[in-house]
Amino acid sequence: MSLVALTSIVMINACSKAPGIVSESAQKTLQQELLEQYPSADSALLARGISQAAALWNDADGSEDEFCQLVRDNYCPTPEQRWILFLSLSRVLENCYEAADKLTVELLRPTQLTNAAEPASPDWIMSAYSPLAHFSDDMFGNRLAFVAVINFPHFTLDEKNTLGRNWSREEWAMARMGDVFTVRVPASVNTRVAKAYADAENYIADYNIYMGSLRTDNGRRLWEDDKVLLSHWNLRDELKALYADSANGSEKQEMIYKVMQRIVRQEIPQAAINNGALLWQPYSNRLLQADNSEISAEPEPYTRYERILATAHAYFETDRFFPASPTAIMRNFDDGVEIHAAELDSLFRALVGSEQVKGVAEIIKNRLGRDLRPYDIWYDGFKSRASLSEDNLTQLTQRLYPDADAFAADMPRLLNVMGFSMSNARDIASHIVVEPARGSGHAWPCLGRNEQARLRTRIPASGMDYKGYNIAVHEFGHCVEQVLDMYRIDHYMLFGVPNTAYTEASAFLWQQRDLQLLPGAAKTNEGDSETVLDQFWSMYEIMGVSLVDMAMWRWIYSHPHASAKELCDETVRIAQSVWNEYYEPVLGEHDCVLLAVYSHMVNAPMYLPNYPLGHIVQYQLEEHLAQYTDRADFAKEYERIYRLGRLTPKVWMLQAVGEAPSVTPVLNAVKRILQ
């Protein structure tokens with residue numbers, strides 16, 4: 001997962017249309033005056049800039065005359081003057097974003113990293129602090145924001161997707177400058193959103209299940225060690241790994257499945273969370289002391305859903321400042337992802353409802369030799385590692401990577417295996433730092449060219465286990481992308497990718513090759529068909545989860561006064577509904593709630609759809625990159641693609657692989673395999 005929340009407060013692609021205090025007649029007069037003074041000026045761009053700046057001007061900024069004088073003093077009529085201003089603004093933004101990011105990284109060390117001091121009360125307080133919360137206020141207050149809007153007005157998503165196909169790199173960079181100052185949200189409101197994010201993140205980062213403390217109803221212990229798994233990520237990964245355990249795998253998978261159900265329904269005992277001192281029987285939901293005497297198993301008091309509602313309420317307060325995008329749903333998809341939510345919904349349903357799903361499920365059923373169970377949405381048998389012992393892989397990764405420094409030292413070799421020259425690999429790796437995470441792991445991007453991208457994964461005292469390695473390779477894929485489109489981008493305003501799905505695509509592309517990158521790992525032949533089936537089944541799983549997440553947020557906006565219990569009940573109902581329509585016919589079990597277990601629903605609002613979109617983009621990238629059979633050519637093309645920067649998703653894909661995001665290529669490929 002890539003953390004981009006820091007920039008979302010400032011760089012929001014929305015356009016305020018609320019009427020300001022500058023009259024339309026004054027705007028027209030000003031426009032006519034400037035066109036008479038500068039006959040060769042772009043009249044349409046000037047009109048757009050004046051209109052958008054006027055809509056943002058309020059009483060506290062000054063009079064109508066003061067606004068008009070500000071425009072006269074700061075309008076750049078020629079392309080040369082406009083470009084000089086663009087470079088100056090870019091330098092200001094990079095310095096501000098970079099400085100704020102550096103401060104945030106330092107403040108969050110105790111709450112996010114295990115190699116920092118144990119977090120104390122001030123650390124938890126400052127984890128909700130955003131150095132950029134006042135940035136927009138300050139820039140409108142000193143009028144720099146107005147200077148930017150006057151000369152670099154905002155273009156809508158539809159305009160970018162049509163006009164942008166023929167824009168130069170400079171025109172794209174200037175269009176992205178027009179996305180920076182489009183609304184005025186008070187710092188107090190931004191701070192509340194940041195606090196809701198931080199509270200949710202802190203809650204999830206400490207949501208561990210002590211597997212050695214779980215018991216069957218007859219008192220048996222299934223995990224012989226004190227394995228501690230973070231929900232949901234590590235629980236899911238443990239479940240995946242158990243397909244290789246023919247002796248005890250199924251029984252352990254069933255218990256993990258029951259644990260997940262208890263979490264979703266908020267039936268899990270509060271005392272069983274992040275606590276290995278008590279024994280918990282998930283099936284009967286009984287809680288025992290070490291001497292097997294039963295104690296009260298009070299359930300968690302809807303905390304999971306309280307955290308979601310806290311974020312929703314912060315969004316509600318923000319909504320009124322976005323007249324063109326008055327819901328967080330619109331801001332997330334139309335302005336952030338830059339693909340309409342309805343378009344994604346349709347894309348996902350086309351795949352999860354396809355006939356190909358049943359055909360692939362039949363293959364899985366035959367391989368397992370049993371009827372499918374709900375948790376088989378995480379079937380991992382199409383990967384070459386599925387036939388390998390995770391214990392053996394863990395022994396290897398622990399020996400190779402006893403700590404974060406060992407993985408960091410190996411990064412140039414990983415890049416070289418992928419086809420990057422060793423000198424290029426060392427340069428890319430020099431911009432990445434590896435850190436041990438308290439949570440499951442994530443990639444923290446650099447926001448300036450004097451920063452490093454930060455790769456974070458869990459590293460126990462015994463060394464990096466295979467799950468941690470697999471996550472580390474995923475996060476490494478994020479970091480490589482972040483370095484390429486920051487340090488090697490032609491214009492700062494284009495740094496990054498269209499949306500987080502596109503960095504997920506890079507992460508998936510690397511993660512798919514984790515065994516190829518692992519020296520000493522036993523390799524098995526992994527044919528193209530197996531890879532395609534693995535990607536398809538991953539899409540099937542995460543698209544259902546995303547449909548639940550999107551439906552939950554639609555319901556929240558329809559019921560703004562809902563209680564945490566009501567949200568829990570409705571989320572369960574939504575998960576059951578999606579399951580019954582698209583998953584019960586394939587995996588069985590009516591009213592299954594498994595699709596609501598993802599922790600992203602709590603700490604990363606509406607982030608989940610980026611994963612299936614990322615899988616779609618990854619598949620199309622893989623098809624395109626498959627023609628580059630030489631590793632060096634593969635690496636060069638990968639770098640070319642990820643230096644395209646922050647175009648819109650459609651334009652980026654057209655320039656990267658020649659077609660827009662679509663599930664048709666993977667559906668066609670699976671159909672050919674099944675035939």
Side-chain angles (χ1 to χ4, degrees), residues 7 10-16 20 22 26-27 30-57 61-62 65-100 132 135-156 159-160 163-164 166-184 447-450 486 489-496 645-647:
T7 56
V10 177
M11 302 181 72
I12 301 172
N13 307 337
C15 189
S16 176
V22 182
Q27 294 177 45
L30 178 61
Q31 180 186 354
Q32 184 177 357
E33 172 193 331
L34 290 171
L35 287 175
E36 289 175 357
Q37 185 176 356
Y38 309 109
S40 61
D42 187 325
S43 59
L45 199 65
L46 173 60
R48 184 186 288 252
I50 291 175
S51 173
Q52 292 182 9
L56 293 163
W57 189 268
D61 298 315
D65 289 341
E66 287 179 277
F67 171 81
C68 293
Q69 191 59 47
L70 178 69
V71 175
R72 295 187 192 99
D73 292 342
N74 292 280
Y75 174 60
C76 295
T78 69
E80 293 77 14
Q81 290 173 309
R82 192 164 174 253
W83 185 246
I84 292 172
L85 176 63
F86 170 80
L87 294 177
S88 178
L89 288 170
S90 297
R91 185 169 57 253
V92 168
L93 292 176
E94 181 172 7
N95 280 311
C96 290
Y97 292 162
E98 184 176 80
L132 288 175
F135 182 75
S136 181
D137 276 0
D138 292 343
M139 295 304 103
F140 279 106
N142 65 19
R143 298 190 175 181
L144 181 139
F146 289 108
V147 174
V149 175
I150 291 164
N151 292 282
F152 304 101
H154 174 77
F155 287 85
T156 66
E159 287 172 331
K160 290 190 187 86
L163 300 174
N166 299 312
W167 279 346
S168 66
R169 297 289 295 174
E170 289 74 18
E171 287 173 313
W172 260 109
M174 288 188 283
R176 285 308 189 190
M177 181 67 75
D179 293 336
V180 179
F181 300 109
T182 55
V183 292
R184 300 183 72 170
L447 296 187
R449 284 166 284 196
N450 292 306
M486 169 60 78
I489 202 74
D490 45 1
H491 304 295
Y492 176 74
M493 294 310 300
L494 288 177
F495 85 84
R646 202 164 57 92
L647 312 179

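Remark: D490 engages R169 in a side chain to side chain donor-acceptor pair (under 3.5 Å) (not counting sequence neighbours). Remark: Y75 engages no residue in a ring pair (Phe, Tyr, Trp, His ring centres under 6.0 Å) (not counting sequence neighbours). Listed by chain and number, the residues in a side chain to side chain contact (heavy atoms under 4.5 Å, CB included) with D137 are A187 (sequence neighbours excluded). Residues forming a side chain to side chain donor-acceptor pair (under 3.5 Å) with Q27 (at least two apart in sequence, or on another chain): none. With sequence neighbours left out, the salt bridge (Lys or Arg N to Asp or Glu O under 4.0 Å) criterion links R48 to E159. For E170, the salt bridge (Lys or Arg N to Asp or Glu O under 4.0 Å) criterion is met by no residue, not counting sequence neighbours. Partners of E171 under the salt bridge (Lys or Arg N to Asp or Glu O under 4.0 Å) rule, at least two apart in sequence or in another chain, do not exist in this structure. Residues meeting the ring pair (Phe, Tyr, Trp, His ring centres under 6.0 Å) test with F146, sequence neighbours left out: W57, F140. Legend: residues meeting side chain to side chain donor-acceptor pair (under 3.5 Å) with N166, ordered by chain and number and at least two apart, are absent. For A26, the side chain to side chain contact (heavy atoms under 4.5 Å, CB included) criterion is met by V22, S23, E64, not counting sequence neighbours.
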Please list, one pair per line, the donor and acceptor atoms closer than 3.5 Å that link side chains of residues 85-92 to other protein atoms, with sequence neighbours excluded.
unit_1	atom_1	unit_2	atom_2	d
S90	OG	F86	O	2.9

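Pairs engaging residues 71-89 under the salt bridge (Lys or Arg N to Asp or Glu O under 4.0 Å) rule: E33-R72 [sequence neighbours left out].
No side-chain heavy atom of D61 sits less than 4.5 Å from a side-chain heavy atom of E66. Within the 4.5 Å cutoff, side-chain heavy atoms of M174 are placed close to those of W83. Under the 4.5 Å side-chain criterion, counting only non-hydrogen atoms from C-beta, M177 is in contact with L93. At least one side-chain heavy atom of H154 sits under 4.5 Å from a side-chain heavy atom of K160. The closest side-chain heavy-atom distance from V180 to M493 is below 4.5 Å.
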Working note: F495 + L447, criterion side-chain contact (heavy atoms from CB on, under 4.5 Å); need CA distance, chi angles, decisive distance, verdict. CA-CA 9 Å; F495 85 84; L447 296 187; 4.0 Å; yes
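The distance from the CD1 atom of I150 to the CZ atom of F181 is 12.5 Å, given to the nearest 0.5 Å. For the atom pair I50 CD1 and L30 CG, the distance stands at 4.0 Å (nearest 0.5 Å). The line from CG of D179 to OG1 of T156 is 10.0 Å long, rounded to the nearest 0.5 Å. Between D65 atom CG and L70 atom CG the span is 12.5 Å, to the nearest 0.5 Å. Rounded to the nearest 0.5 Å, atoms CG (L46) and SG (C76) are 11.5 Å apart. A distance of 8.5 Å separates CH2 of W172 from CG of L494, quoted to the nearest 0.5 Å.
Closest of all the heavy-atom pairs between P77 and Y38 is CB-CG, 3.4 Å. Between L45 and P153, the shortest heavy-atom distance links the atoms CD1-CG, 3.7 Å.
A distance-only check finds no donor-acceptor pair linking the side chain of E94 to the backbone of Y492 [under 3.5 Å].
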